[in-house]
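Everything on this sheet refers to the single structure shown next.
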Amino acid sequence: MKPTHIEHIGIAVRSLQEAIPFYESLLGTPCYSIEEVPDQKVKTAFFRIGETKIELLESTSPDGPIGKFIERRGQGLHHVALAVENVSDALNEINEQGIRTIDAAPRSGAEGHSIAFIHPQSAFGVLTELCGKL
Ligand code: ZN
């Protein structure tokens with residue numbers, strides 16, 4: 001597996017409405033997309049910074065992964081997403097290496113991407129997402 005770049009960095013926030021103006025000002029660029037991802041019980045907001053994006057995540061349900069994360073640890077850095085050509089191939093490769101993943105198969109993420117997560121316990125405490133077109 002050879003990721004091409006950091007696709008995005010995911011940040012858990014309580015309120016997109018509050019966080020978006022801050023990031024628009026910080027990055028000097030408008031939020032270009034707000035999208036709900038029902039599979040993950042989140043609403044996302046995206047900003048471009050070079051080839052990488054910032055993804056803000058607001059929970060749509062207290063029992064969703066972001067709702068639980070904020071409950072336990074507060075707002076903040078949630079995950080790092082690596083851009084790969086083919087998420088399915090990358091998952092197979094990773095599983096062969098004995099690296100623990102959260103997802104056995106790719107699922108649907110924001111922006112029409114396929115995504116899968118590597119377990120933070122296998123990645124030195126960092127929830128790591130694989131993100132690609134396939
Ligand atoms: Zn993500």
Side-chain angles (χ1 to χ4, degrees):
M1 186 178 87
K2 197 168 189 315
T4 53
H5 59 284
I6 294 183
E7 215 284 333
H8 63 268
I9 291 171
I11 299 171
V13 301
R14 281 202 185 85
S15 158
L16 286 184
Q17 209 187 342
E18 278 177 29
I20 286 171
F22 171 80
Y23 278 95
E24 287 185 329
S25 164
L26 180 72
L27 303 173
T29 187
C31 166
Y32 70 87
S33 168
I34 293 178
E35 185 185 341
E36 191 165 335
V37 184
D39 185 48
Q40 292 175 74
K41 298 181 179 171
V42 289
K43 212 157 77 170
T44 63
F46 281 94
F47 305 83
R48 270 182 232 286
I49 172 161
E51 217 181 339
T52 301
K53 298 159 191 165
I54 301 280
E55 174 187 41
L56 302 180
L57 302 144
E58 177 194 281
S59 187
T60 55
S61 161
D63 67 351
I66 294 298
K68 286 190 203 151
F69 177 87
I70 289 178
E71 175 76 34
R72 273 200 320 269
R73 300 172 60 172
Q75 305 182 98
L77 187 60
H78 181 258
H79 66 272
V80 172
L82 304 175
V84 296
E85 283 294 310
N86 185 316
V87 176
S88 195
D89 289 351
L91 260 184
N92 289 338
E93 209 177 304
I94 277 177
N95 283 323
E96 276 166 23
Q97 291 168 37
I99 297 169
R100 193 172 152 205
T101 57
I102 291 173
D103 301 299
R107 55 194 164 115
S108 303
E111 303 199 299
H113 281 129
S114 281
I115 63 166
F117 284 97
I118 298 172
H119 200 284
Q121 279 176 7
S122 271
F124 298 88
V126 179
L127 177 61
T128 305
E129 176 183 335
L130 305 172
C131 180
K133 288 290 169 205
L134 298 168

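Whatever order the structure lists ligands and atoms in, that order sets their numbers, starting from 1. Computed over heavy atoms, backbone and side chain alike; hydrogens, waters and symmetry mates excluded.
For Q97, the CD atom counts as densely surrounded, since its 6.0 Å shell holds more than 12 non-hydrogen atoms of other residues, nucleotides or ligands.
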*Determine, stepwise, if the pair E55 / H78 fulfils side chain to side chain donor-acceptor pair (under 3.5 Å).*
CA-CA 10 Å; E55 174 187 41; H78 181 258; over 6 Å; no

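Considering every non-hydrogen atom in both V87 and I115, the closest pair reads CG1-C, 4.0 Å. When all heavy atoms are compared, the tightest approach of F46 to A110 is CE1-CB, 3.6 Å.
A side-chain contact (heavy atoms from CB on, under 4.5 Å) with V42 is found for one member of T60, L56, V37 and no other, namely V37.
Around the Zn ion (ligand 1), protein N, O or S atoms at less than 2.8 Å comprise H8 NE2, E55 OE1, H79 NE2, E129 OE1.
Applying the side-chain hydrogen bond (donor to acceptor under 3.5 Å, both in side chains) rule to pairs touching residues 102-111 yields Y32-E111, D39-R107, K53-E111, D103-R107, sequence neighbours excluded.
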